[in-house]
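Numbers restart at 1 for each chain; the letters A, B, ... are given by sequence-line order, proteins then strands. What you see below is based on every heavy atom in this structure, not just the backbone, and it leaves out hydrogens, waters and symmetry mates.
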There are 2 protein chains.
Amino acid sequence: MTKQDSPRSRNAAATREAILQSAFAAFAQSGYDGVGVREIAGTAGVTAMMVNRYFGSKEGLFAEVVASAMNAPSVLTREAIGSNSPGRAIAAALVARTTRGEPVLDGMRIILNSASNPRAAEIIREQMRLRHHATVAATVGGDHAGERAGLALAVVAGFQFMRQMIGLPALAQADPAVLEAMLGTTLDRLLSDGA
Amino acid sequence: MTKQDSPRSRNAAATREAILQSAFAAFAQSGYDGVGVREIAGTAGVTAMMVNRYFGSKEGLFAEVVASAMNAPSVLTREAIGSNSPGRAIAAALVARTTRGEPVLDGMRIILNSASNPRAAEIIREQMRLRHHATVAATVGGDHAGERAGLALAVVAGFQFMRQMIGLPALAQADPAVLEAMLGTTLDRLLSDGA
DNA sequence: GTCTATAGAAAGATAGAC
DNA sequence: GTCTATCTTTCTATAGAC
């Protein structure tokens, strides 16, 4: 494609995208503090220097990863929230995808795994303020819609944390159907008008 | 007190306790990865070497801190769980103590802030298996008591995470009375027999 | 019982060649 | 556009003096 390819493919857009995807997976797996730029760059097939060239710093890279994660939600989708029984729809997706060995809900995982770092937490806060809250609140009606949407988000985060990250036996080894019913009812009550 | 005090007070039990308290506060504030043994030791008035002397390693120190945190719960107390309206009791304590500037629920904070580190997560898993789950499940009756207790714990964790650590505006700036009512109802439904 | 000094590894970021 | 090489800092853990 390009004129020559001495060290690598020499395609700015492709390199940038490769770094971004590598970083997404790595931050989901190990969190902001748990992975270094060398490792991210290595998986993408480039050197650590390229991260700074394209994203300015590790923080800059993280900010783009978080923004992309919030732009493509995998559980709190508009379809799920707008369905007849949004709680059940969300619960079904959440239970299925927090089962051991599953593709794993990387978006929320990045947040849960990285929030302990103050710089990462600040970036998450900012992106959350800009995107996620507005999306959910706009889809939930009734009194105290913002608070109810916020609580629903907290329930989703707490469930994933305890089941997937900590592996709390009561949640990690429970019958999926039971979990789905209980979690679905809880979320439906929060997302519908009745308190 | 002791025969002499050339470098420091030279009291093994007191030094150990000072390190433990310093570590508890530091891990709550910054998580396992966010704080070094130098800092912990410095606050306790000793050098980093003492940490390894008394606890073997940073991991050993963390394990003791997590164990002590689970032995002295500040929200999921037996009193709260056994009361007439356990959900409301828990919610009231949780909302009050996740307000900005409050003493802050360090036990769960240590867990939320440290779980991204694989070694810390393993320690938390083990301590959780030994202590917390049994305490809660023993106090909750009815069908699927374990699952309901686990979900309640997840709700508490998620709420604290989103309100206190991320500072989600919908939760961080909400009317405490509204939050308390919604969260209390949610927890009461989980902890009582009705699904 | 506590210290100073240091080993040894790994991190983020930058300079400058090609 | 990408590389190698290096600067600087920070970390856990250990050796050995007092």
Side-chain angles (χ1 to χ4, degrees), chain A residues 1-20 22-23 26-27 29-65 113-114 116-120 122-123, chain B residues 1-20 22-23 26-27 29-65 113-114 116-120 122-123:
Chain A
M1 277 297 187
T2 44
K3 299 164 202 164
Q4 65 179 50
D5 49 56
S6 16
R8 198 77 205 166
S9 61
R10 215 170 271 268
N11 178 333
T15 298
R16 207 188 129 91
E17 186 59 27
I19 294 173
L20 211 48
S22 167
F27 284 139
Q29 185 79 42
S30 312
Y32 185 83
D33 283 334
V35 66
V37 295
R38 281 176 178 78
E39 186 179 341
I40 292 171
T43 303
V46 296
T47 61
M49 234 218 63
M50 296 284 96
V51 169
N52 284 351
R53 176 161 185 84
Y54 285 108
F55 300 93
S57 66
K58 187 184 184 182
E59 287 183 42
L61 172 60
F62 183 74
E64 287 221 23
V65 167
N113 265 330
S114 303
S116 63
N117 182 290
R119 300 195 203 92
E122 183 55 43
I123 290 167
Chain B
M1 279 293 188
T2 47
K3 299 164 203 161
Q4 64 179 54
D5 48 54
S6 17
R8 199 75 208 165
S9 62
R10 214 172 271 268
N11 177 332
T15 299
R16 208 187 129 90
E17 186 58 28
I19 293 173
L20 211 48
S22 167
F27 284 139
Q29 185 80 42
S30 311
Y32 186 84
D33 283 335
V35 65
V37 294
R38 281 176 179 78
E39 187 179 341
I40 292 171
T43 304
V46 296
T47 61
M49 235 218 62
M50 296 284 95
V51 169
N52 284 352
R53 176 164 185 83
Y54 285 108
F55 300 93
S57 66
K58 186 184 183 182
E59 288 183 40
L61 172 60
F62 183 74
E64 287 221 26
V65 167
N113 265 331
S114 303
S116 63
N117 183 290
R119 301 193 204 93
E122 183 57 40
I123 291 167

Does A/Thr15 make a side-chain N or O approach to OP1 or OP2 of D/dT2 shorter than 4.0 Å? yes
Nearest heavy-atom pair of B/Lys58 and B/Asn52: which atoms, and what distance? N-OD1, 4.2 Å
Just by distance, do the side chain of B/Ser22 and the backbone of B/Ala18 share a donor-acceptor pair under 3.5 Å? no
Give the ring-plane orientation class for A/Phe27 versus A/Tyr32, where under 30° counts as parallel, over 60° as perpendicular and anything between as tilted. parallel
OP1 or OP2 of D/dT2 less than 4.0 angstrom from a side-chain nitrogen or oxygen of A/Tyr54, does that happen here? yes
Between the CG atom in B/Asn11 and the CD atom in B/Glu17, the distance rounded to the nearest 0.5 Å is 11.0 Å
Can you measure B/Asp33 atom CG to D/dC11 atom C1' for me and round it to whole angstrom units? 11 Å
A/Asn11 CG to D/dG1 P, in whole Å, measures 9 Å
All N/O pairs under 3.5 Å across the protein-nucleotides 12-16 of chain C interface:
{"from": "C/dG12", "atom 1": "OP1", "to": "A/Lys58", "atom 2": "NZ", "distance (Å)": "2.8"}
{"from": "C/dG12", "atom 1": "OP2", "to": "A/Val37", "atom 2": "N", "distance (Å)": "2.9"}
{"from": "C/dG12", "atom 1": "N7", "to": "A/Arg38", "atom 2": "NH1", "distance (Å)": "3.0"}
{"from": "C/dG12", "atom 1": "O6", "to": "A/Arg38", "atom 2": "NH2", "distance (Å)": "2.9"}
{"from": "C/dA13", "atom 1": "OP2", "to": "A/Lys58", "atom 2": "N", "distance (Å)": "3.1"}

Does D/dG1 have OP1 or OP2 under 4.0 Å away from a side-chain N or O of A/Arg53? yes
Can you name the nearest heavy-atom pair linking B/Ala23 to B/Val65, along with the distance? CB-CG2, 3.8 Å
Closest approach to the side chain of B/Met50, judged atom by atom: which nucleotide of D/dG1, D/dT2, C/dT2 is it? C/dT2
Roughly how far, to the nearest 0.5 Å, is the CZ atom of A/Phe55 from the CG atom of A/Leu20? 4.5 Å
Can you tell me the distance, in whole Å, between the CG atom of A/Asn117 and the C1' atom of D/dC11? 15 Å
